[in-house]
**Q** 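Let me give you the structure first, and then I'll get to my questions.
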Number of protein chains: 2
Amino acid sequence: MIESFNIERRQIHEQIYENLKNAILNGQIKPGQKLSQDELAKSFGTSRMPIRDALRLLQSDQLVETLPNKGFTVVEFSEEKLKDTFFFRSILEREAVKLAKGRLTSQDIENLDFLVAKMDECIDQGNLTEMPQLNHEFHLTIYNAIPSQKMLETIKMLWEVFPRYAMFSTNENAIASQTKHKGIIEAIKEDNYDLAAQLMEKHIQMTNVWPNIIQKEGI
Amino acid sequence: MIESFNIERRQIHEQIYENLKNAILNGQIKPGQKLSQDELAKSFGTSRMPIRDALRLLQSDQLVETLPNKGFTVVEFSEEKLKDTFFFRSILEREAVKLAKGRLTSQDIENLDFLVAKMDECIDQGNLTEMPQLNHEFHLTIYNAIPSQKMLETIKMLWEVFPRYAMFSTNENAIASQTKHKGIIEAIKEDNYDLAAQLMEKHIQMTNVWPNIIQKEGI
DNA sequence: AATAAAACAATTATTTGCAATTTTCAAGCA
DNA sequence: TGCTTGAAAATTGCAAATAATTGTTTTATT
């Protein structure tokens with residue numbers, strides 16, 4: 001008897017990988033924290049091998065660091081690294097907007113409108129918890145249209161370098177972002193992708209304000 | 001008695017990682033080839049554990065693929081993937097040249113001159129074996145000046161996606177590349193980085209000619 | 001002879017155990 | 001008190017063993 005149609009059988013290390021990644025990005029595991037193989041093995045109910053597999057992948061993602069015979073720790077977030085990442089993102093995402101020209105469907109643009117409207121709702125209701133996810137979808141809707149898979153992968157990777165909990169900490173940030181989002185949509189609708197790209201670049205650069213993003217006591 | 005100043009002790013899996021990576025990039029291990037954990041363990045004289053550590057890192061680098069219960073294989077290079085990579089590179093490296101403005105030292109520019117001269121020598125002597133390394137140094141000399149570490153890392157990563165043995169297969173390629181290299185240096189010396197960037201973009205795009213790069217029988 | 005079932009072989013995934021290294025912490029010494 | 005030393009404890013790195021999965025060949029049945 002067939003038990004299930006779940007084609008994609010998930011290996012233990014894959015599940016651990018995703019669990020740990022989410023835990024780091026959601027801030028349940030804090031920067032600088034030591035990741036003991038034994039402890040993780042116990043809490044996941046496995047041996048240390050799949051833990052190591054997962055940690056090696058996270059190491060490549062630069063979410064954890066390792067020293068010989070010392071083990072793995074969650075990477076610390078420095079102001080320098082943050083500025084670097086946002087600077088690179090501002091360039092990449094500016095170019096991504098340019099590349100989206102002629103490739104965004106009317107369906108996509110409707111979706112952008114929808115997402116911005118939903119974010120406005122969030123702000124009105126004073127509930128910012130869903131903002132990061134909606135914001136992420138907004139940006140990805142544009143970038144998904146670009147013709148380079150590698151470029152898209154790189155952008156996605158850069159979105160997963162800092163913990164999500166650290167974004168959109170204030171209402172002001174959210175409102176300022178929305179202004180830019182609307183400007184970008186408008187420019188896109190007018191087929192003025194150069195303007196849209198410029199706005200995107202500034203939008204990303206603007207987000208790069210250390211005290212607004214990471215509240216030190218939060219870490 | 002002090003035994004050694006070798007602070008950075010190299011672990012087995014790191015050595016295996018670099019060995020395998022070089023073997024893949026130099027074409028000693030061919031695309032599509034299966035990487036049996038047992039065989040690798042035997043040939044490296046270790047157990048399978050450090051082999052797995054190394055393979056997981058290579059998996060993140062997208063140099064090998066893995067299927068559950070089937071093991072690891074060296075990734076195949078498709079024309080599509082190659083075009084994608086070179087397209088992305090042409091954008092990144094164009095922007096990198098722009099960012100190098102005001103940051104390249106006279107020492108750097110001297111070095112660029114030196115490298116181009118050396119590549120000319122290679123061509124004159126009909127010995128193209130050193131070309132890939134010199135070409136790599138030429139490009140990296142420029143990119144090392146850019147202010148974003150992440151961007152530099154990304155560019156370096158993209159240079160390590162395809163086997164080195166597949167580059168500069170013909171004399172014509174080398175000569176054409178040199179023309180662009182000289183143009184780029186000239187523009188840089190005139191402080192015309194916009195032109196240099198344009199030339200770089202075209203230079204990378206030009207290299208993206210499938211039959212010239214990968215000779216199918218070579219794989 | 002064709003097909004299905006079953007045993008077998010090969011390989012990977014995971015667990016377990018051991019050796020080597022680092023950390024901790026208390027005792028000894030200046 | 002402050003620094004060094006050294007042994008115990010904890011943890012990692014590696015090796016070897018076991019379990020699970022896949023692919024193939026053999027065997028049995030129709």
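Throughout, protein chains are lettered first and strands after them, A, B, ... in sequence-line order, and every chain is numbered starting at 1.
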**Q** Just jot down the salt bridge (Lys or Arg N to Asp or Glu O under 4.0 Å) partners of B:Arg94, sequence neighbours excluded, or say none.
**A**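 With sequence neighbours excluded, B:Arg94 shows a salt bridge (Lys or Arg N to Asp or Glu O under 4.0 Å) to A:Glu95, B:Glu201, given in chain and number order.
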**Q** Could you pull out all residues at least two apart from B:Ser148 that satisfy side-chain hydrogen bond (donor to acceptor under 3.5 Å, both in side chains)?
**A**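 Expected list: A:Asp84.
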**Q** Ring pair (Phe, Tyr, Trp, His ring centres under 6.0 Å): which pairs involve residues 125-148 of chain A, sequence neighbours left out?
**A**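 Output for this query lists A:His136-A:Trp159, A:Phe138-A:His181, A:His139-A:Tyr143, A:His139-A:Trp159, A:His139-A:His181, A:His139-A:His203.
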**Q** Restricting to side-chain hydrogen bond (donor to acceptor under 3.5 Å, both in side chains), what partner residues turn up for B:Asp108, sequence neighbours left out?
**A**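 B:Asp108 satisfies side-chain hydrogen bond (donor to acceptor under 3.5 Å, both in side chains) with B:Thr105 only.
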**Q** Measure all distances between protein nitrogen or oxygen atoms and nitrogen or oxygen atoms of nucleotides 12-14 of chain C, and list the pairs falling under 3.5 Å.
**A**
| residue | atom | partner | partner atom | Å |
| --- | --- | --- | --- | --- |
| C:dT12 | OP1 | B:Lys34 | NZ | 2.6 |
| C:dA13 | OP1 | A:Gln11 | OE1 | 3.3 |
| C:dA13 | OP1 | B:Asn69 | N | 3.2 |
| C:dA13 | OP2 | B:Gln37 | NE2 | 3.2 |
| C:dA13 | OP2 | B:Arg52 | NH1 | 3.1 |
| C:dA13 | N7 | B:Arg48 | NH2 | 3.0 |
| C:dA13 | N6 | B:Arg48 | NH2 | 3.3 |
| C:dT14 | OP1 | A:Ile12 | N | 3.3 |

**Q** Salt bridge (Lys or Arg N to Asp or Glu O under 4.0 Å): which pairs involve residues 143-157 of chain A, sequence neighbours left out?
**A**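 Residue pairs with at least one partner in residues 143-157 of chain A: there are none.
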